[in-house]
Amino acid sequence: MKTLHKTFALIALASSSAAFAASDFDTIDADGNGVISQSEAAVNADLTAVFTELDTDGNGELSKAEFANF
């Protein structure tokens with residue numbers, strides 16, 4: 001029975017983590033200004049890792065077009 005409880009707890013933790021892992025533009029663009037700043041991108045480790053590469057115009061923000069390459 002303890003194993004069953006641990007399994008459910010692990011599933012609940014994994015699903016809640018997935019819910020908080022922002023992966024779409026509108027979710028990450030927290031202030032709704034139409035671009036993703038580096039601080040907003042910090043909610044997604046994968047996006048943070050490639051932010052500079054995606055920021056093709058070098059302005060420190062990702063437009064929807066730039067984010068589409070993610």
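To the nearest 0.5 Å, the span separating CD on Gln38 from CG on Leu47 amounts to 10.0 Å. Atoms CG and OG, from Asp29 and Ser37 in turn, are 8.0 Å apart once rounded to the nearest 0.5 Å.
Minimum interatomic distance between Glu40 and Val35 (heavy atoms only, all atoms of both residues): OE1-O, 3.2 Å.
Sorted by first then second residue, the ring pair (Phe, Tyr, Trp, His ring centres under 6.0 Å) pairs that include residues 26-65, not counting sequence neighbours, number zero. For residues 52-70, the set of pairs meeting the salt bridge (charged side-chain N to carboxylate O under 4.0 Å, His left out) definition, not counting sequence neighbours, comprises Asp26-Lys64.
Here Phe67 pairs with Phe25, Phe70 under the ring-ring contact (aromatic ring centres under 6.0 Å, His included) rule; sequence neighbours left out. A search for side-chain contact (heavy atoms from CB on, under 4.5 Å) contacts involving Asn69 returns Leu54, not counting sequence neighbours. Remark: Asp46 pairs with no residue by the salt bridge (Lys or Arg N to Asp or Glu O under 4.0 Å) rule, at least two apart or across chains.
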